[in-house]
> 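Right, I'll just put the structure down here and ask away after.
Remember, it's a predicted structure, so these values are computed and weren't measured experimentally. A note on names: the letters A, B, ... follow the listed sequences, proteins ahead of strands, and every chain is numbered from 1.
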Amino acid sequence: DAGVIQSPRHEVTEMGQEVTLRCKPISGHNSLFWYRQTMMRGLELLIYFNNNVPIDDSGMPEDRFSAKMPNASFSTLKIQPSEPRDSAVYFCASRKGAGQETQYFGPGTRLLVL
Amino acid sequence: GESVGLHLPTLSVQEGDNSIINCAYSNSASDYFIWYKQESGKGPQFIIDIRSNMDKRQGQRVTVLLNKTVKHLSLQIAATQPGDSAVYFCAEQTGANNLFFGTGTRLTVIP
């Protein structure tokens, strides 16, 4: 049974470029989460979708960040323009329901902005 | 000034010994808790969860204890193995709200 799938696994880009991170949640899960992990701030929630609808985007740093979930099996996190301080590991997680159930994480995308 | 990263508590144990990892959570209204294990270069992996109507739950080689009075959670790993070396996170949730993660504890198992 496939877990959460993220691509790319690694991304190196230059400041000012657009970056798009992709996530495929576990089939049958209807909640999807984007997190960012850094040494400075640990694991932070960026945005949360339920049934493809953004529920809480209060963690999105600023307008340079946007996330979409066009269907139940795909989500993107876009950074435009990227900055060096965006360098981090970005995780996608999915959950079966909208309540107290386990979130399952993908392997992450390691982003380096030069 | 110089910026510093999060200070990660560390725990070193001998292979075969039991490990106890502690976590103080912040919200007295939190009613769902999860322990995750994160190995280097990987995403957090679910270990065990517990709801606030319980004070103990056991899994395979792991036990989670919940003390709501002092807002404390612990993870006990029996017969610790080298493969248990990782960073362990506790996470708390209130109702149907989002999970909030602690800073993590780094467990090192000495062969």
> Tell me, for Leu99(B) versus chain A, whether the close heavy atoms (under 4.5 Å) come from the side chain, the backbone, both or neither.
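Contact with chain A is through both the backbone and side chain of Leu99(B).
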> Please check if atom CD in Glu14(A) has more than 12 non-hydrogen atoms from other residues, nucleotides or ligands closer than 6.0 Å.
no
> For the atom pair CD (Glu101(A)) and CD (Gln93(B)), what is the distance rounded to the nearest 0.5 Å?
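Output value for this atom pair is 9.5 Å.
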> Please check if Leu73(B) and Ile21(B) belong to a single hydrophobic cluster, counting links between Ile, Leu, Val, Met, Phe, Trp and Tyr side chain heavy atoms closer than 4.5 Å.
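Result: yes, single cluster for both.
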> CG/Leu45(A) to CZ/Phe100(B) distance, rounded to the nearest 0.5 angstrom?
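That separation rounds to 7.5 Å.
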> Under 4.5 Å heavy-atom distance to chain B, tell me which part of Gln103(A) shows up: side chain, backbone, both or neither.
both
> What's the separation between atom CD in Glu44(A) and atom CZ in Phe101(B), rounded to the nearest 0.5 Å?
12.0 Å
> Counting only heavy atoms not in Arg64(A), do more than 12 sit closer than 6.0 Å to its CZ atom?
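Enclosed.
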> When clusters are formed by joining ILVMFWY residues with side-chain heavy atoms under 4.5 Å apart, either directly or through shared neighbours, do Val89(A) and Val19(A) land in the same one?
no
> State plainly whether one hydrophobic cluster holds both Trp35(B) and Phe33(B), where clusters connect Ile, Leu, Val, Met, Phe, Trp and Tyr through side-chain heavy atoms under 4.5 angstrom apart.
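Yes, same cluster.
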> Under 4.5 Å between side-chain heavy atoms, hopping through other hydrophobics if needed: is there a path connecting Tyr90(A) to Tyr35(A)?
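As far as the 4.5 Å side-chain criterion goes, Tyr35(A) and Tyr90(A) are not connected within one cluster.
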> Less than 4.5 Å to any heavy atom of chain A: does that hold for the side chain of Tyr36(B), its backbone, both, or neither?
side chain
> CD1/Ile55(A) to CG/Asn98(B) distance, rounded to the nearest 0.5 angstrom?
9.5 Å
> Using a 4.5 Å heavy-atom cutoff, which residues in residues 37-69 of chain B come close to chain A?
Gln38(B), Gly41(B), Lys42(B), Gly43(B), Pro44(B), Phe46(B), Asp49(B), Arg51(B)
> Starting from Leu46(A), can I reach Phe105(A) by hopping between I/L/V/M/F/W/Y residues whose side chains sit under 4.5 Å apart?
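No; Leu46(A) is not reachable from Phe105(A) via cluster members.
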